[in-house]
Structure formats: structure tokens, C-alpha cells
2 protein chains.
Amino acid sequence: MRADAMKNYEHILAVANVVITEHGVDASLREIARRAGVGLGTLYRHFPTREALLEALLRASFDEFTTKARMLETASSPEDALVSWLREIVEFTSNYQGVVDLMMAAKEDPESALHASCMTMRTAGTQLLARAQAEGLARTDMDGDDLFSLAAALAWLSNQPSSAPRADYLFNIIASAILTNRASSDFGV
Amino acid sequence: MRADAMKNYEHILAVANVVITEHGVDASLREIARRAGVGLGTLYRHFPTREALLEALLRASFDEFTTKARMLETASSPEDALVSWLREIVEFTSNYQGVVDLMMAAKEDPESALHASCMTMRTAGTQLLARAQAEGLARTDMDGDDLFSLAAALAWLSNQPSSAPRADYLFNIIASAILTNRASSDFGV
DNA sequence: ACCTGAACACCGTTCAAGT
DNA sequence: ACCTGAACACCGTTCAAGT
């Protein structure tokens with residue numbers, strides 16, 4: 001990449017971080033370009049889709065997740081590790097309004113620029129879950145996708161102003177449900 | 001209301017139901033007016049906000065909830081009543097993509113046209129919860145708002161393509177958590 | 001009283017023209 | 001190679017002008 005292009009790339013990313021933190025993941029791309037002082041085409045050249053921009057923006061955070069999960073795997077009890085990891089996700093998503101919906105969609109869409117990051121995240125969670133399950137500390141009828149879904153639901157709830165005041169409590173309810181060693185189907189469907 | 005206006009009102013509503021079922025609650029109002037064959041101003045005259053349109057569209061469904069909840073209160077066991085009510089909500093919201101987010105926001109905003117309906121819904125749920133709690137069948141540290149939040153989370157999850165295949169299972173996990181008579185704080189915060 | 005559609009201020013996305 | 005910004009096709013919302 002040419003030096004001037006590189007500079008634009010980095011600057012757009014820095015501005016995008018500010019704007020998206022302010023207005024959420026649906027923030028106007030025009031405003032990002034405007035505030036960055038570049039043409040709209042320049043933004044599109046570097047980030048052909050909104051998801052590509054977000055991917056570049058969140059890559060570091062996603063990498064941290066993986067690192068953190070590996071650390072938790074050896075440093076904490078299986079229960080604490082799982083709970084800490086869930087908390088990380090909730091806290092992270094709270095910085096980028098609407099990112100949970102995007103991640104849920106990206107997980108299902110291999111074409112999405114965010115797909116790989118979501119899969120990595122799922123893998124990390126799956127390992128923490130498996131360890132807890134092996135020690136009889138977590139539901140054995142649950143898989144990594146289920147954990148991802150519940151984490152997303154938790155993150156979604158925490159980001160709703162309506163339920164935010166009770167976020168810790170609701171977190172607790174769902175975390176308890178995961179960490180209860182319970183057989184499947186408590187209620188018929 | 002004049003007869004011609006009444007006709008427009010009803011027709012817009014009928015078309016809106018189709019379009020919103022197709023494209024979700026963020027559907028283009030322009031398209032609704034276009035398909036209804038009325039001017040954009042006519043739509044705005046009858047429904048000054050998107051939420052006013054949705055309120056008119058969903059009023060009947062919300063009323064059904066109240067009726068249903070009252071019936072469940074006497075016809076079913078406290079547990080079955082609560083679970084059935086939750087299922088109703090999940091099924092209802094699945095018809096209008098994005099309505100859960102709107103309801104969560106409306107619950108917090110007394111100015112929203114959907115506010116009253118959300119409160120009514122919360123009240124109905126609160127009663128079903130109270131009955132279960134009185135018989136020691138549901139968490140006693142939970143209130144009507146918490147139930148509403150968990151119902152919303154469940155509805156949100158069920159409407160995500162990514163988690164939809166496991167919707168019944170995830171429903172079960174959360175419903176179990178509600179119906180477990182458990183003391184508060186299983187995990188420190 | 002009610003309806004219409006142009007007008008305004010925004011979008012996302014593409015692409016010819018410039019350097 | 002890279003950048004720019006006009007152009008296009010959409011929005012939501014308002015409101016003067018019509019019936």
C-alpha cells in the first residue's frame with residue numbers, strides 16, 4: 001500500500017471508531033468520510049462494505065477474546081472462566097451499539113467480513129464450555145452455538161436501555177442456567 | 001372521520017400489514033403509501049409516526065395477549081400459564097421482524113404510541129409471574145420487568161436466523177431458569 | 001376535512017474524471 | 001495507484017396547493 005493510502009486507511013479507521021462509538025454500527029458512512037476529510041470513494045476503496053470496516057475496527061478486540069479465553073482456560077476454575085468470558089462479551093459489545101445483531105448475522109453468512117471473527121469467538125467459547133461440561137459443571141445438552149446465542153442474548157439485553165439497570169441480575173439468571181448441570185427438556189415442546 | 005378518510009385509513013393498515021410482514025418494522029413508509037395508492041401525506045395524516053401505525057396494526061394482538069393471560073390465570077397451572085404466555089410472545093413477534101427492539105424502546109418511552117400496549121403486556125405477565133411465585137414455582141427475586149426482559153430476549157433470539165433452529169431449546173433453558181425457585185445471586189457481581 | 005406530491009435533507013453505492 | 005465528488009436511487013418528514 002502506498003504511504004498516502006496507508007495514512008488515509010489509518011485515519012478513516014480512527015474516525016470510524018469515534019463515529020461508530022457515538023452512533024452505533026449503523027452510523028452514516030458519509031459522516032465518517034466527511035469527518036475524516038476524505039472522499040466517499042476513498043472510504044469505499046479501503047473498506048468495500050460496512051462489515052469490512054467493522055472487521056478492521058474490531059479485529060484487535062476479537063483477538064483479545066481469543067487470548068483471554070486461552071488464559072482463562074488454565075488460570076480460572078471452569079465456572080469462573082465461562083462467566084468471565086461472558087462478561088467480556090457483554091462489556092465489549094456495549095461499546096458498539098447494534099454490533100450484536102451484526103455478529104449474529106455474520107455468524108450465519110460466510111461471505112461476511114465478520115464471519116471469521118465470529119467463528120473464532122465461538123470456538124473459544126466452545127472450549128470453555130467443554131471444560132465445564134467435562135467436570136459436570138455445565139449443561140451437557142448445550143453446544144458452542146447455544147452458548148454463543150445465549151451470550152448474544154445477554155449482550156443484547158444489556159444494551160437495551162430498558163433492561164440495562166437489571167443487566168447484572170439478568171446475566172446472573174442466564175449464567176446460572178448454563179452452569180446448572182441439568183438434563184435436557186425440562187418442559188415439553 | 002369522513003367516509004373516504006375511513007376507507008383510506010383501513011386500506012393503509014391492510015397494506016401496511018402486508019409490507020411490514022414482508023420487510024419488518026423498518027419497512028419503507030413510502031412503499032406502503034405507494035402500494036396503498038395514497039399520497040405520502042395521507043399516510044402521515046392518519047399515522048403521524050411509524051409507531052402510531054404499528055400501534056394500530058398490533059392493537060388487536062396486544063388485546064389478545066391480555067385476554068389470553070386472564071384465561072391462563074384460571075385455566076392452567078401457574079407453570080404452564082407462564083410458559084404458554086412466553087410462547088405466545090415469541091410466536092407473535094416472529095411475524096413482525098424487529099418489533100422486539102421497538103417494544104423494548106417503547107416500554108421506556110411514555111411518548112411512544114406503543115408504550116401503553118407494552119405496559120399492558122407487562123402487567124399481564126407480572127400477574128402470571130406473581131401466581132407462580134406465590135406457589136413457590138418461580139424465582140422470587142424476579143419482577144415483571146425482568147420477565148418482560150427475558151421474554152424479549154427469547155423473542156429476539158427466536159427471530160435471529162442463527163439461533164432460530166435451536167429456539168425451542170433456548171426457550172427451554174430460559175423458561176427453566178424463571179421457573180426455578182432459587183435465591184438471588186448465584187454468582188457475585 | 002381531507003388528499004396530493006413536490007421539496008428538503010439525508011442515506012448507500014457506483015464510477016467517470018482527475019492526480 | 002489512488003483520490004474525488006457528482007450521479008443515481010432510495011429514504012423520512014413537512015407543507016403549500018389543491019378538492
Side-chain angles (χ1 to χ4, degrees), chain A residues 1-57 96-99 101-102 105-106 109 111-114, chain B residues 1-57 96-99 101-102 105-106 109 111-114:
Chain A
M1 186 148 37
R2 232 165 58 181
D4 56 343
M6 192 65 168
K7 200 174 156 192
N8 272 337
Y9 180 93
E10 300 293 354
H11 189 228
I12 290 170
L13 219 44
V15 171
N17 194 24
V18 174
V19 177
I20 289 176
T21 299
E22 274 175 24
H23 301 316
V25 298
D26 291 326
S28 159
L29 298 179
R30 252 194 173 77
E31 189 183 344
I32 293 173
R34 215 154 35 210
R35 283 217 228 170
V38 301
L40 203 39
T42 305
L43 190 149
Y44 273 93
R45 157 172 271 264
H46 288 300
F47 309 102
T49 66
R50 181 183 292 273
E51 281 169 345
L53 176 58
L54 279 159
E55 198 276 331
L57 207 60
Y96 303 98
Q97 214 175 73
V99 76
D101 294 78
L102 228 54
D109 176 17
E111 302 304 309
S112 166
L114 285 167
Chain B
M1 186 148 37
R2 232 164 59 180
D4 55 343
M6 191 67 169
K7 201 175 156 191
N8 270 337
Y9 179 94
E10 299 293 354
H11 188 227
I12 290 170
L13 219 45
V15 172
N17 195 24
V18 174
V19 177
I20 288 176
T21 299
E22 274 177 24
H23 301 315
V25 299
D26 292 324
S28 160
L29 297 179
R30 255 196 171 78
E31 189 182 344
I32 293 174
R34 216 154 35 210
R35 283 219 229 169
V38 302
L40 202 38
T42 305
L43 189 150
Y44 272 94
R45 156 170 273 264
H46 288 301
F47 309 102
T49 67
R50 183 183 290 274
E51 281 170 345
L53 175 58
L54 279 159
E55 198 276 332
L57 206 60
Y96 303 98
Q97 214 175 74
V99 77
D101 295 78
L102 228 54
D109 176 17
E111 303 303 310
S112 166
L114 285 168

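Keep in mind that this is a model prediction, so the values were computed, not measured. In the text below, chain A, chain B and the rest are named by the order of the sequence lines, each starting its count at 1.
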(request) Test side chain to side chain contact (heavy atoms under 4.5 Å, CB included) on A:R30 and A:R34 and set out the steps. (result) CA-CA 6 Å; A:R30 252 194 173 77; A:R34 215 154 35 210; 4.2 Å; yes

(message) Does C:dC10 have OP1 or OP2 under 4.0 Å away from a side-chain N or O of A:R30?
(response) no

(request) Please determine, for C:dT19, whether a Watson-Crick or G-U wobble partner exists with both distances under 3.5 Å, and give it or none. (result) D:dA1

(message) Output the rounded distance in Å from CZ (B:F47) to P (D:dT13).
(response) 15 Å

(request) Taking only the side-chain nitrogens and oxygens of A:H46, find out if one of them lies under 4.0 Å from OP1 or OP2 of D:dC2. (result) no

(request) Decide yes or no on side chain to side chain contact (heavy atoms under 4.5 Å, CB included) for A:H46 and A:M1, but give the supporting numbers first. (result) CA-CA 11 Å; A:H46 288 300; A:M1 186 148 37; 3.8 Å; yes

(request) Test side chain to side chain contact (heavy atoms under 4.5 Å, CB included) on B:L53 and B:L13 and set out the steps. (result) CA-CA 8 Å; B:L53 175 58; B:L13 219 45; 3.7 Å; yes

(request) Please state how far atom CD1 in A:I32 lies from atom P in C:dC11, giving the value in whole angstrom units. (result) 11 Å

(request) Starting at atom CE of B:M6, determine the distance to atom P of C:dC3, rounded to an integer number of angstrom. (result) 12 Å

(message) For B:V99 and B:L114: C-alpha separation, side-chain torsions, deciding distance, then whether side chain to side chain contact (heavy atoms under 4.5 Å, CB included) applies.
(response) CA-CA 10 Å; B:V99 77; B:L114 285 168; 5.6 Å; no

(request) Spell out, as yes or no, whether a donor-acceptor pair under 3.5 Å connects the side chain of B:R50 to the backbone of B:V25. (result) yes

(request) Measure the distance from CG on A:D4 to P on D:dC2 and round it to the nearest whole Å. (result) 7 Å

(request) Just name whichever nucleotide pairs with D:dA6, Watson-Crick or G-U, keeping both distances under 3.5 Å, else none. (result) C:dT14

(request) Indicate whether OP1 or OP2 belonging to C:dG12 is found under 4.0 Å from a side-chain N or O atom of A:S28. (result) yes

(message) Can you identify which nucleotide, out of C:dC2, D:dC3, C:dT4, has its nearest atom closest to the B:V38 side chain?
(response) C:dT4

(request) Choose from D:dC3, C:dT4, D:dG12 the nucleotide whose nearest atom is closest to any side-chain atom of B:T42. (result) C:dT4

(request) Measure from the side chain of A:Y44, starting at C-beta and using heavy atoms only, and say which of C:dT14, C:dC11, D:dC3 lies closest. (result) C:dT14

(request) Could you check whether B:A27 gets within reach of a base, just the sugar-phosphate, or nothing at all, counting any heavy atom under 4.0 Å? (result) sugar-phosphate

(request) Using atom CG of A:L40 as one end and atom C1' of C:dT13 as the other, report the distance to the nearest whole Å. (result) 8 Å

(message) Within the 4.0 Å heavy-atom criterion, would you say A:R45 contacts the bases, only the backbone, or no part of the nucleic acid?
(response) base

(request) Could you tell me the separation between the CG atom of A:N8 and the P atom of D:dC2, rounded to a whole number of Å? (result) 10 Å

(request) Would you kindly give the NE2-to-C1' distance between A:H11 and D:dC3, to the nearest whole Å? (result) 16 Å

(message) Looking at A:R34, I'd like to know whether one of its side-chain N or O atoms comes within less than 4.0 Å of OP1 or OP2 on C:dC11.
(response) yes

(message) Rounded to whole Å, how long is the line connecting atom CG of B:L43 with atom P of C:dG5?
(response) 14 Å

